[in-house]
Amino acid sequence: MTPFFGKIISNESAGMGLRTLVIEAAPAFEEGVCPGQFGHIKVPNAPQHLLRRPISIMDADSANKTLTFCIQPKGNGTELICAMKPGDEVELIAPLGHGFSLDEAKNVWLIGGGIGAAPMVYTAKQFSKTADVVAITGSRSAEGVIARDVFESVCKHFVVCTDDGSCGIHGTVVAGAASIGGKPDLICACGPTPMLRAVQAFALEHDIPCQLSLEQHMGCGYGACLTCSCKTRDKDGHEDYSRVCADGPVFDAREVVL
Amino acid sequence: MMKPDLSVNLCGVTLKNPIIPASGTFGYGRDFVKFYDISTLGAVSAKGVTPLPRCGNPPIRIAETPSGILNSVGLQNPGIDEYIKTELPWMIEQGAVVITNISGNTVEEYAMMAEKLDKTDTAMIEVNVSCPNVHCGGKVFGADPKVINEVAVAVKKATSKPVIIKLSPNVTDIVEMALAAEAGGADSVSLINTLTGMAIDINTRRPILANLTGGMSGPAVRPVALRMCYQVAQAVNIPVVGMGGIMTGEDAVMFLLAGCTAVQVGTANLSDPMACPKIIEGLEQYMVRNGIGKVSELIGAIITD
Ligand SMILES: Cc1cc2nc3c(=O)[nH]c(=O)nc-3n(C[C@H](O)[C@H](O)[C@H](O)COP(=O)(O)OP(=O)(O)OC[C@H]3O[C@@H](n4cnc5c(N)ncnc54)[C@H](O)[C@@H]3O)c2cc1C
Ligand SMILES: Cc1cc2nc3c(=O)[nH]c(=O)nc-3n(C[C@H](O)[C@H](O)[C@H](O)COP(=O)(O)O)c2cc1C
Ligand code: FES
């Protein structure tokens, strides 16, 4: 594996200030790309930004060897990445981390809050090949619903939840999940910590296998520096720190202490 | 021109080249073998170990500052025994020359770890004195020349391995600290460790690091590090291992010219996993461009008149 330069193929608005970038990334496909993995993207032309920015892989096209990222500009780093134009080159390391695994599940709920819906796009595409997938996404308003067309075409159900009620269910993704009824044999979730906490509680209470994708400020992104820690608990109840970049970003809900 | 000779002799150990990943930015090498062959490095300075396992500080542990970073990992490590049992032999199996970096809270702890390492295949021991001394109200070892001297004497007594004392830059006069290490019998000094710093999120009014403060590193500290290395190299008669913000082969050349026998590369590994191989290549290209046959010709070759 090695960092590589990828050409920007397109950079389009995805509503609410979000940008969707499609990047040429042939080297990323040498070992295969799993849902829930991320790319560690160098801030272009900005040597003062020593650290790369971790961004979830939203989609991976193995035929055209491209990766898609959906980015919410937050600070200077993501702003500079989002300002790149088609034809520009960006340096990235991808794919990194442990993603979601379907195991033998046949009936899966994918829950994405805000920008956390992005990794669910590729996850839905992959998992729907062998399982029934229900996607539940939450956003502030109708404009922030991402990848509606993909979710609608590959999922058995697509439940939209908005904070302002401008579209779908007026409320959180947990309310959205409750509205479906029934019980999946796997839940995968990505989003803000309070949402993950609620999903974790719901899954543990109903004894549903559950995988959560976490965020943490990162250094290297590939396991060496121990800066991206999150608290985890092993089977004996012993607490320790794990590395979000290499042990995660996806963890079993039973082992994460949120 | 012939391929230049990059090898150096550090404390009696021959290194293929003077480039060493710095402690804490390389783990125990396991995460690098997917990127390159770690036996191509001059040596590796392993993540700091302590007498007992440590889980480290709560997150957030890293912040980016202009051309620098702050970290507060808090010496997360599996403890000296586990290190000797699994991590050290693994690195040696990969063909790496290993410098074991140790951190303690008492002089006795340093000596105990050095004794345990004496029977291992570690090539050298690097003593991180940027740790709080529990017998001195938590004041770091590296801030008091008397204590540095004591640590050097105790560690040298406990082992026949070459001992490098790694100095803290958070002092008024680092030369005094280097001289104290040399007087205590240290075979070498390495510098600089991180400079204590801080960052605040003005929107939440909270410090970014959960630990409030952290260690600053990266190119932002390089001029300070270079000055300290130069002054120390002028003052001591033992080899100096320089570090602080080295990102390129050219940066490494600067530290060699200032009098360093070898250099360590820390933060650059976080920006780019290929940093060390690229720096080795950059150093070699500089030598070719300037017709320098042996890297040792560069050591201390600064012109000051
Ligand atoms: C595994 C993972 C996947 C992610 N996926 C996406 C995604 O698909 N789309 C998206 O828009 N964002 C995603 N993020 C969040 C994104 O990494 C941050 O918003 C981004 O790093 C902020 O950088 P900045 O320079 O714009 O902001 P600044 O606040 O200026 O960044 C300063 C420093 O803090 C770090 N930082 C700040 N916020 C975060 C955060 N939430 N997570 C990690 N590091 C942070 C930055 O990396 C940088 O080192 C993901 C984060 C992780 C850990
Ligand atoms: C994430 C991180 C962890 C570190 N851990 C250690 C450590 O365990 N022991 C030690 O002696 N120095 C440690 N350091 C300091 C580095 O080895 C080095 O002295 C410092 O970062 C300056 O070099 P640089 O600017 O090239 O990073 C650490 C630095 C970083 C960035
Ligand atoms: S970011 Fe370096 S270990 Fe995770």
Side-chain angles (χ1 to χ4, degrees), chain A residues 1-5 27 30-31 40-43 46-54 74-78 80 91-97 193 214-234 238-248 256-258, chain B residues 21-36 47-48 53-78 199 201 203 208-210 214 217-220 245 247-248 266-275 277-278:
Chain A
M1 162 167 241
T2 196
F4 60 89
F5 282 92
E30 279 163 21
E31 288 155 62
H40 214 24
I41 305 183
K42 200 172 186 87
V43 181
Q48 73 276 18
H49 289 299
L50 294 179
L51 302 178
R52 292 164 189 267
R53 300 302 191 254
K74 270 276 182 67
N76 193 238
T78 45
L80 289 171
E91 202 204 307
L92 66 160
I93 314 175
L96 288 169
T193 306
L214 309 191
E215 276 191 12
Q216 189 49 272
H217 290 227
M218 288 182 180
C220 67
Y222 53 84
C225 70
L226 307 181
T227 57
C228 60
S229 48
C230 68
K231 195 171 262 178
T232 50
R233 189 187 289 129
D234 67 17
H238 174 254
E239 284 186 4
D240 207 344
Y241 286 117
S242 296
R243 300 164 302 177
V244 171
C245 72
D247 304 316
V256 196
V257 182
L258 287 170
Chain B
S23 179
T25 63
F26 193 72
Y28 301 119
R30 290 185 191 269
D31 306 293
F32 282 83
V33 291
K34 60 177 174 279
F35 294 107
Y36 62 87
K47 171 67 192 165
R54 279 175 62 107
C55 65
N57 289 327
I60 295 173
R61 291 180 177 185
I62 189 164
E64 195 188 56
T65 59
S67 297
I69 62 167
L70 292 166
N71 91 84
S72 60
V73 170
L75 286 172
Q76 179 176 339
N77 79 91
D201 181 333
N203 296 314
I208 293 180
L209 300 175
S217 59
M247 305 294 282
T248 64
T267 304
N269 293 307
L270 276 55
S271 299
D272 182 357
M274 296 302 291
K278 284 183 187 167

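Here is the naming used below: chain letters follow the sequence lines, and residue numbers restart at 1 for every chain.
Distance check, rounded to the nearest 0.5 Å: CG of D272(B) to CD1 of I93(A) gives 6.5 Å. For the atom pair NE2 of H217(A) and CG of L209(B), the computed distance is 10.0 Å after rounding to the nearest 0.5 Å. Distance check: S271(B) OG to L50(A) CG gives 4.5 Å after rounding to the nearest 0.5 Å.
Between the T227(A) side chain and the R61(B) main chain, no donor and acceptor come within less than 3.5 Å of each other.
Of the listed residues (T65(B), I208(B), T267(B), N57(B)), the one with the most heavy-atom contacts under 4.5 Å to chain A is N57(B). Looking only at heavy-atom pairs under 4.5 Å with chain B, the residue among C225(A), G223(A), S229(A) that has the most is S229(A).
The parts of F35(B) that come within reach of chain A are both its backbone and its side chain, each placing non-hydrogen atoms under 4.5 angstrom from that chain. Heavy-atom distances place no part of P53(B) under 4.5 Å from chain A, backbone and side chain included. At a 4.5 Å heavy-atom cutoff, H40(A) makes no contact with chain B through either its backbone or its side chain. Residue contact with chain A, scored on non-hydrogen atoms closer than 4.5 Å, is absent for Y28(B). When heavy atoms are compared at a cutoff of 4.5 Å, K231(A) does not approach chain B at all.
P3(A) is listed as a side-chain neighbour of P273(B), based on a closest heavy-atom distance under 4.5 Å. Looking at Q216(A) and I60(B), their side chains come closer than 4.5 Å, going by heavy atoms from C-beta outward.
Scanning both residues, P59(B) and Y241(A), for their nearest heavy atoms gives CD-CE2, 3.7 Å. The two residues D31(B) and Y222(A) make their nearest non-hydrogen contact at CB-O, 3.3 Å.
Results of the side chain to side chain contact (heavy atoms under 4.5 Å, CB included) test with L226(A) over N77(B), L75(B), V73(B), I62(B) single out V73(B) as the only residue that passes.
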Open item on the list: Please evaluate residues R52(A) and L270(B) with respect to the criterion side-chain contact (heavy atoms from CB on, under 4.5 Å), reporting the C-alpha separation (whole Å), side-chain torsions for both, the decisive distance (0.1 Å), and the verdict.
Closed with: CA-CA 9 Å; R52(A) 292 164 189 267; L270(B) 276 55; over 6 Å; no

